[in-house]
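The shown structure was predicted, so the numbers you read here are calculated from the model rather than taken from an experiment.
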Number of protein chains: 2
Amino acid sequence: MNSKNPVTIKDIAKKFKCSPSTVSRALNNHPLINEDTRRNIQEYAQKVNYQRNSVSLSLRNKKSATLGVIVPTLNHFHETAMIEGLQSVLQIHGYMLAICVTNESYLLEKQYIDKLLANRVEGVFLSVSQETYDSGHYEHLDDMSQRNIPLIFIDREYDGVPNSSITVDDYLGAFAATEHLIQRGCRRIAHLKGPNGLAVSEQRFRGYKECLAKHSLDFDEELIATTNFKAESAIVPMRRLMSLPKPPDGVFGVNDYVSIAAMQVILDLGFSIPKQVAVIGFDNSPFSAYVNPSLSSVNRSSRILGEEAARLFLNNMEGQTQQKEHIILPPELIIRDSTLT
Amino acid sequence: MNSKNPVTIKDIAKKFKCSPSTVSRALNNHPLINEDTRRNIQEYAQKVNYQRNSVSLSLRNKKSATLGVIVPTLNHFHETAMIEGLQSVLQIHGYMLAICVTNESYLLEKQYIDKLLANRVEGVFLSVSQETYDSGHYEHLDDMSQRNIPLIFIDREYDGVPNSSITVDDYLGAFAATEHLIQRGCRRIAHLKGPNGLAVSEQRFRGYKECLAKHSLDFDEELIATTNFKAESAIVPMRRLMSLPKPPDGVFGVNDYVSIAAMQVILDLGFSIPKQVAVIGFDNSPFSAYVNPSLSSVNRSSRILGEEAARLFLNNMEGQTQQKEHIILPPELIIRDSTLT
DNA sequence: TGATTTTTTGCAAACGTTTGCAGTGAATCC
DNA sequence: GGATTCACTGCAAACGTTTGCAAAAAATCA
């Protein structure tokens, strides 16, 4: 019983003095099999706790029932909620998820893709790393398309390549956030943007800028500061902003982390939120409702994003449709105390 | 070039009019191979972008180079940081990580374990679900030990089973947090505990209680409230606590989410933090330094926990030592404004 | 009973590797 | 020049399944 090796179909065959084929058919409820043998074999298999070896199955069927998920980090609520969404749907369809964290490195991203391909995954959800985006290289993705393995861009898109993608409309979200600040009376709105070059950063930046333009507000370069998405990285820039001759009366942060760091700086310097400075973030992280003052934010429905991405993949599989889809989910403004009028 | 099927060792063999064995040896730098053939084959393999099929390798070697990670959720910083830690170490050693989210369900946990076993993973890191813990069932883990597949309890332990485990000393952390509150003058300390029965909850609860005892403070049942780790679940209980005839002057929350929710309630009701009520959380989540007031917390070095867990597994593999280890990492008190004197 | 159909089973190949063993030439030795 | 060594290479089996095809066994028919 405590044999190190799991019981195989051959073991069962030996026991019943029949061929492995028969066992296989019995276990798979193949129609061409005697009812009694089927029952006997199934019962015995149950008893000895037989478990089909997925590896050999994968080899034979050239299908691994495994999908790759490549993300830059797992730091943010958005990413993990996305993965939960993916898993919740794909689990039902029998897929396993191999998670890879690139830490924004191109090299790791490439290595992971190779590895996933070597493992014969049936599809990959990719949220491109910043380095990849910066470098503009995408040769490492060629193998996937050559082998007809669905590659779905999730969350972060990569304009150069024709693949299905699902993202949240960052531009729209940023536009809405900025417009909200304007409508509540802000006239000098600072933006704590994300790393340069990254699509999310630039889309949101564009949303911010174009909203200013729409409302005939001047775009002021000195109201822009760059962060790396982490709270710490917002502190120094925010101090600078607040010590300008004309400090901002509104701040749009590229995500909630930089926004709460910004709020802290603002309050520390003796300004009031939202009275003197209104602040709005992005992501609607679980903590945003509980900071003080509670933080307005742009909700991205991260979990739904994951679920939809999973469906995108499943449709692609079922229908064998090579049609590429580009889904852009609408963001949603969540208004809280930090931008109250 | 855009053949759907990846190039195999046989294809190369055909090209060179040699046997697959030779190709295999050439690619694996086997000593018994002609230098020229080796070079030629390797160059060609490179050119046609040959990638070894890990599936067949797994089948032959009975080794999948894949590890399973089972967690209840991905909601908390602690869990994701842990996974990042795992991945950062294991990636170097060529392992893939299959992530499974049980959503605290026993059934899913069981299913995932079966699935991982079917996939012939070489090891599993398990953070038991609440249901599993509640039910006391652990038969679903028997297969693993019978097959000698390392099962490592990570973060959440499961007392009944003799396996390696790595956790943070929840008891100690809770004790330290409570003691800190006492030392800064709190005398009526409430505890927002986690779900009943779950080890983490109970350990922290015990740390809290025994610390009170040590300092000869009465344990008052009415100062205890149960949450489900989520912020929302702390709100109603906290309102109750603050409307007691004698409201608490200190709150120890089972994690940072419930603690920030608690802070919000406290402030909303017009009490001041930390003057009237001090609050301390658990996890040192990235946002805890940036809420207002900043939240004292117990740091769990989550990433290091993951890294150490990975090393635990690697040692187990290398040395073939069946020795079970139980690592308990010390937590660290991070003091911020919410408990200042 | 013998022929025919039906039901059930087994054979063998395949998926892509690796590896012990045997075999092939060629080089070396005496 | 024949025996021995040496440097390579190929054969075949193995990992655990599935499945088309053929064969066997059982059932039906005439």
Side-chain angles (χ1 to χ4, degrees), chain A residues 3-42 45 48-66 94 114-115 117-122 147, chain B residues 3-42 45 48-66 94 114-115 117-122 147:
Chain A
S3 66
K4 241 183 123 166
N5 292 337
V7 33
T8 76
I9 226 170
K10 289 187 186 175
D11 300 332
I12 301 182
K14 221 169 280 172
K15 168 81 179 180
F16 281 84
K17 294 199 178 68
C18 69
S19 72
S21 338
T22 305
V23 179
S24 169
R25 281 190 267 253
L27 295 174
N28 291 318
N29 289 319
H30 195 281
L32 298 181
I33 188 97
N34 184 279
E35 190 51 46
D36 290 341
T37 33
R38 184 222 305 279
R39 198 164 16 78
N40 287 333
I41 289 181
Q42 287 193 352
V48 298
N49 192 23
Y50 166 79
Q51 276 178 322
R52 150 193 286 111
N53 182 335
S54 305
V55 177
S56 50
L57 237 196
S58 300
L59 181 58
R60 173 159 228 282
N61 299 346
K62 299 180 171 222
K63 289 200 168 195
S64 60
T66 301
D114 284 350
K115 187 130 210 184
L117 282 176
N119 276 83
R120 299 298 187 265
V121 293
E122 294 183 41
R147 295 199 196 160
Chain B
S3 65
K4 239 184 127 166
N5 292 336
V7 34
T8 78
I9 225 171
K10 289 186 187 175
D11 299 332
I12 301 184
K14 218 169 283 169
K15 169 79 180 181
F16 281 83
K17 296 197 177 70
C18 68
S19 71
S21 339
T22 304
V23 179
S24 169
R25 280 191 267 254
L27 295 174
N28 291 318
N29 289 319
H30 195 283
L32 299 182
I33 188 97
N34 184 280
E35 191 50 45
D36 289 343
T37 30
R38 184 220 305 279
R39 196 163 19 76
N40 286 335
I41 291 181
Q42 288 194 351
V48 298
N49 193 21
Y50 167 79
Q51 275 177 322
R52 141 190 297 111
N53 182 335
S54 306
V55 177
S56 51
L57 238 194
S58 299
L59 181 59
R60 172 158 230 280
N61 300 346
K62 300 180 168 220
K63 290 200 166 192
S64 61
T66 301
D114 284 350
K115 188 130 208 180
L117 282 176
N119 275 82
R120 299 297 188 265
V121 292
E122 294 183 42
R147 295 200 196 160

Worked check of side-chain contact (heavy atoms from CB on, under 4.5 Å) between B:Lys62 and B:Arg120: CA-CA 8 Å; B:Lys62 300 180 168 220; B:Arg120 299 297 188 265; over 6 Å; no
Can A:Asn119 and A:Thr66 be said to form a side-chain contact (heavy atoms from CB on, under 4.5 Å), step by step? CA-CA 9 Å; A:Asn119 276 83; A:Thr66 301; over 6 Å; no
How is A:Ser58 classified with respect to the nucleic acid when contacts are heavy atoms under 4.0 Å: base, sugar-phosphate, or nothing? nothing
Go nucleotide by nucleotide along DNA chain D from the 5' end; which of B:Cys18 and B:Leu59 gets its closest nucleotide reached first? B:Cys18
Determine whether B:Ile41 and B:Ile12 make a side-chain contact, defined as any pair of heavy atoms from C-beta on separated by less than 4.5 Å. yes
Length of the line joining [X]:[atom1] and [N]:[atom2], which is rounded to integer Å:
X       : N      : atom1 : atom2 : answer
B:Lys63 : D:dA14 : NZ    : C1'   : 17 Å
B:Arg38 : D:dT9  : CZ    : P     : 10 Å
A:Glu35 : C:dT6  : CD    : P     : 20 Å
A:Phe16 : C:dT8  : CZ    : P     : 17 Å
B:Ile41 : D:dC8  : CD1   : P     : 13 Å

For the pair B:Arg52 and B:Asn28, evaluate side-chain contact (heavy atoms from CB on, under 4.5 Å) and give the outcome as yes or no after the intermediate values. CA-CA 10 Å; B:Arg52 141 190 297 111; B:Asn28 291 318; 2.5 Å; yes
Flag, side chain of B:Ser64 to backbone of B:Ser58, donor-acceptor distance under 3.5 Å: no
side-chain N/O B:Lys62 vs D:dG16 OP1/OP2, d < 4.0 Å: yes
Would you please confirm or rule out a distance under 4.0 Å between OP1 or OP2 of D:dA7 and any side-chain N or O of B:Asn34? no
Examine the side chains of B:Thr22 and B:Ser19 and answer whether a donor and an acceptor come within less than 3.5 Å of each other. yes
Rounded (10°) bend between the five-pair end axes of the helix from C:dT1-D:dA30 to C:dC30-D:dG1: 70°
How long is the span from the CG atom in A:Asn40 to the SG atom in A:Cys18, to the nearest 0.5 Å? 10.5 Å
Strictly under 4.0 angstrom, non-hydrogen atoms only: write out the protein contact profile of nucleotides 17-27 of chain D, one letter per nucleotide from the 5' end, B, S or -. BBBB-------
Salt bridge (Lys or Arg N to Asp or Glu O under 4.0 Å) contacts in which one or both residues fall within residues 13-38 of chain A, not counting sequence neighbours: A:Glu35-A:Arg38, A:Asp36-A:Arg39
If you apply the rule side-chain contact (heavy atoms from CB on, under 4.5 Å), what do you find for B:Leu27 with B:Val23, and how did you get there? CA-CA 6 Å; B:Leu27 295 174; B:Val23 179; 3.8 Å; yes
